[in-house]
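Heads up: the structure comes next, in structure tokens.
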Amino acid sequence: MNVYDSGRMADVLAPLGYAPSDEAESADMVILNTCHIREKAAEKLFSELGRLRPAKQAREAEGGRMVVAVAGCVAQAEGEEILRRAPWVDLVLGPQTYHRLPEMVARAARAGGAVIDTEFPVEPKFDHLPDAAAAPGPIAFLTIQEGCDKFCSFCVVPYTRGAEFSRPAAAVLAEARRLVAAGAREIALLGQNVNAWHGEGPDGSPWGLGRLLRALAAIPGLARLRYTTSHPRDMDDDLIAAHGELPQLMPFLHLPVQSGSDRMLRAMNRGHAAADFLRIVEKLRAARPDLALSSDFIAGHPGESDADHAATMALIREVGFAQAFSFKYSPRPGTPAAGTALQIPEAVKDARLAEIQALLRAQQDAFNRSRVGLACDVLLTGPGRHPGQLAARSPWLQPVHLRGPDGVAPEALVGRVVPVRILAAHPNSLSAALIDADAAPGAGMGQPEETEVACA
Ligand code: SAH
Ligand code: SF4
């Protein structure tokens with residue numbers, strides 16, 4: 001979501017004459033868009049700020065100016081602390097106020113001191129954002145939902161992103177059509193709890209995410225859809241059915257469970273048991289048998305016993321994941337779990353995380369190997385690392401490398417959905433060959449209007 005937000009900040013600043021730059025040191029403005037989800041992510045901010053300081057001072061010594069802004073959830077949660085530790089920062093803005101950036105930039109120039117805006121304004125920022133200024137590329141993000149009302153024991157999101165908010169269906173559909181017209185072929189819908197999305201449909205009836213996905217799938221030229229991140233409690237039957245109906249909905253779902261222990265799931269305030277998660281997985285696989293799953297796991301939440309950890313390992317074995325993220329529990333200021341006396345020693349957290357990661361790694365390797373020999377469609381995203389090579393994305397989100405057809409510039413093929421055969425599996429990617437590579441240049445290249453077909 002921070003990638004999406006950063007793009008929108010660039011859109012807001014474009015009318016002022018700012019354009020994205022690859023180099024922070026020579027930029028007129030540097031915005032650090034931050035994440036507060038775990039301590040390690042937040043700490044990165046202060047080391048980045050320390051690196052920027054000499055560049056800002058050098059610019060000022062030459063009579064110039066570099067505006068340094070801190071945006072995102074660390075700004076929201078620790079705005080005053082940032083200004084105390086890094087008084088050379090000019091702007092501090094939370095994730096709900098970046099539509100006001102132009103006004104803040106002007107205020108900072110006038111005031112000559114730091115400007116801080118970490119309110120939760122009543123007017124939703126989406127109503128004030130301009131249309132995207134830059135072409136999105138073949139893969140685009142689209143935020144449809146923000147914030148969270150679930151208050152899991154460990155999580156800062158309800159405090160930093162605020163209350164749950166769903167964008168209206170009409171606004172989402174209009175933004176998706178604009179993205180497709182500008183070249184997007186795959187859209188990933190985003191939200192902290194994306195499947196909690198609910199809104200009024202164009203016909204006035206209440207829609208859930210299943211309905212929205214069906215409407216998005218009807219947009220001509222939109223070949224692929226994904227959505228992330230979901231909560232098991234919001235995985236309703238209509239959404240599950242959409243996985244069986246829509247070929248555009250890719251056969252890969254990220255569905256965090258955090259723990260396999262009911263005792264821990266209760267302590268985490270997740271609102272579901274391990275068996276509920278397993279039932280959802282069963283229903284999803286009944287709707288879409290080739291669905292690959294991803295998840296999130298936390299090792300060492302306060303109060304976690306060896307038996308709780310064993311239950312997590314058992315759940316991972318039972319489900320079998322194509323990939324997953326796992327994190328050591330990180331106490332976050334102001335969250336209930338951070339305040340309990342049941343903290344787990346670091347060494348125990350480290351050992352449990354290592355066990356979880358070894359199992360997930362083995363499952364990911366096995367999943368990638370199981371793709372070898374399959375024929376499937378991939379979305380071409382750009383030139384590969386080597387001459388004549390193309391980069392693509394598989395239906396299961398892995399990067400794919402393949403040799404392009406002779407005599408066709410890779411750039412001309414970006415955005416095409418093409419059939420390939422998977423040749424080899426690597427830890428985080430696949431290699432493949434075009435199925436029609438020997439035919440005339442460009443033959444077998446799915447035209448942008450075509451809809452992607454499921455993998456054989
Ligand atoms: N809304 C999603 C998760 C969003 S946060 C859900 O409810 O599942 C993304 C992931 O960060 C979480 O799934 C969790 O695994 C991890 N996470 C959040 N807070 C954490 C913390 N305090 N320590 C370690 N991991 C954390
Ligand atoms: Fe955080 Fe997800 Fe729980 Fe909301 S549902 S509090 S975003 S972990």
Side-chain angles (χ1 to χ4, degrees), residues 1-4 34-43 72-74 76-78 95-96 143-166 188-197 209 226-235 253-261 264-274 276-277 280-281 293-304 308-309 312 315-316 319 321 323-340 342-344 346 348-350 352-353 356-357 360:
M1 187 173 283
N2 272 10
V3 173
Y4 175 86
T34 60
C35 177
H36 201 238
I37 198 81
R38 286 171 294 277
E39 193 177 1
K40 221 162 139 186
E43 270 309 313
C73 290
V74 183
Q76 186 67 40
E78 298 183 22
Q96 303 308 346
T143 293
I144 64 168
Q145 182 280 336
E146 262 195 275
C148 183
D149 297 336
K150 290 197 169 66
F151 292 92
C152 297
S153 58
F154 52 83
C155 183
V156 286
V157 166
Y159 312 96
T160 56
R161 286 268 171 182
E164 195 183 295
F165 169 78
S166 294
L189 306 178
L190 302 181
Q192 274 84 31
N193 268 308
V194 74
N195 60 341
W197 181 90
L209 186 57
R226 305 178 188 274
Y227 60 94
T228 200
T229 291
S230 295
H231 192 294
R233 262 163 66 192
D234 297 311
M235 209 70 221
L253 180 66
H254 182 64
L255 189 61
V257 61
Q258 318 297 352
S259 170
S261 151
M264 275 301 102
L265 289 168
R266 262 195 310 277
M268 290 175 170
N269 192 30
R270 292 291 288 179
H272 67 83
D276 299 321
F277 180 80
I280 292 166
V281 167
L293 285 165
S294 161
S295 197
D296 289 344
F297 296 92
I298 296 180
H301 180 278
E304 188 186 69
D308 296 319
H309 169 64
T312 298
L315 180 137
I316 297 173
V319 174
F321 292 94
Q323 69 115 66
F325 301 98
S326 47
F327 313 100
K328 190 159 75 159
Y329 168 71
S330 168
R332 306 311 294 126
T335 59
T340 71
L342 303 167
Q343 303 300 320
I344 304 294
E346 284 305 302
V348 175
K349 288 199 259 183
D350 285 336
R352 288 180 186 164
L353 182 67
I356 291 174
Q357 292 190 334
L360 290 171

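Both ligands and their constituent atoms are indexed starting at 1 by order of listing.
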For [atom], which protein heavy atom lies nearest, and how many Å away is it?
| atom | value |
| --- | --- |
| atom 3 (Fe) of ligand 2 | C152 SG, 2.3 Å |
| atom 1 (Fe) of ligand 2 | C155 SG, 2.3 Å |
| atom 2 (Fe) of ligand 2 | R270 NH1, 4.1 Å |
| atom 19 (N) of ligand 1 | F154 CD1, 3.3 Å |
| atom 21 (C) of ligand 1 | S330 O, 3.6 Å |
| atom 3 (C) of ligand 1 | T229 CG2, 4.1 Å |

Discussion item. Using salt bridge (Lys or Arg N to Asp or Glu O under 4.0 Å), reason through E304 and K349 one step at a time and then give a plain yes or no.
Written reply: CA-CA 9 Å; E304 188 186 69; K349 288 199 259 183; over 6 Å; no
Please determine, by modelled atom types, if [X] and [Y] share a side-chain donor-acceptor pair under 3.5 angstrom.
| X | Y | answer |
| --- | --- | --- |
| Q96 | E146 | yes |
| S326 | Q357 | yes |
| S259 | H301 | no |

Discussion item. With the threshold set at under 4.0 angstrom, would you say H301 reaches ligand 1 through any of its heavy atoms?
Written reply: no
Discussion item. Between ligand 1 and I37, can you find any atom pair, the residue atom being a heavy atom, that is separated by under 4.0 Å?
Written reply: yes
Atoms in ligand 1 flagged as close to [X], the criterion being non-hydrogen separation under 4.0 Å:
| X | result |
| --- | --- |
| Q192 | 1 (N), 2 (C) |
| K328 | 23 (N), 24 (C) |
| H231 | 7 (O) |
| P256 | 8 (O), 13 (O) |

Treating [X] as the side-chain partner and [Y] as the backbone partner, does any N or O pair qualify as donor plus acceptor under 3.5 Å?
| X | Y | answer |
| --- | --- | --- |
| T229 | N193 | no |
| T34 | V74 | yes |
| N195 | H231 | yes |
| Q192 | G147 | yes |
| R161 | P95 | no |
| S295 | V257 | yes |
| Q343 | G300 | no |

Discussion item. If the cut-off is 2.8 Å, does any N/O/S atom of C148 fall short of it from atom 4 (Fe) of ligand 2?
Written reply: yes
Worksheet entry | From R270, K349, Q258, K150 - option closest to atom 7 (O) of ligand 1 by heavy atom | R270
Practice prompt. Determine, considering heavy atoms only, which of M1, R38, E39 sits nearest to atom 11 (O) of ligand 1.
Written response: R38
Discussion item. For D276, is there an ion pair with R270 - N to carboxylate O distance below 4.0 angstrom?
Written reply: no
Worksheet item: Are F321 and F297 close enough that their ring centres sit under 6.0 Å apart?
Response: yes
Item to complete: Consider every N or O of D296 and every N or O of ligand 1, then say whether any pair is closer than 3.5 Å.
Response: yes
Item to complete: Determine the minimum heavy-atom distance between I344 and G303, stating which atoms define it.
Response: CD1-N, 3.9 Å
Atoms of ligand 2 close to [X] [distance to a heavy atom under 4.0 angstrom, numbered from 1]:
| X | answer |
| --- | --- |
| K150 | 5 (S) |
| P158 | 6 (S) |
| H231 | 5 (S) |
| F154 | 8 (S) |

Worksheet entry | ligand 2 contact on P256 by region, counting heavy-atom pairs under 4.0 Å | neither
Worksheet entry | N193, portion touching ligand 2 at heavy-atom distance under 4.0 Å | side chain
Worksheet item: Counting only heavy atoms, which portion of F327 has something under 4.0 Å from ligand 1: side chain, backbone, both, or neither?
Response: side chain
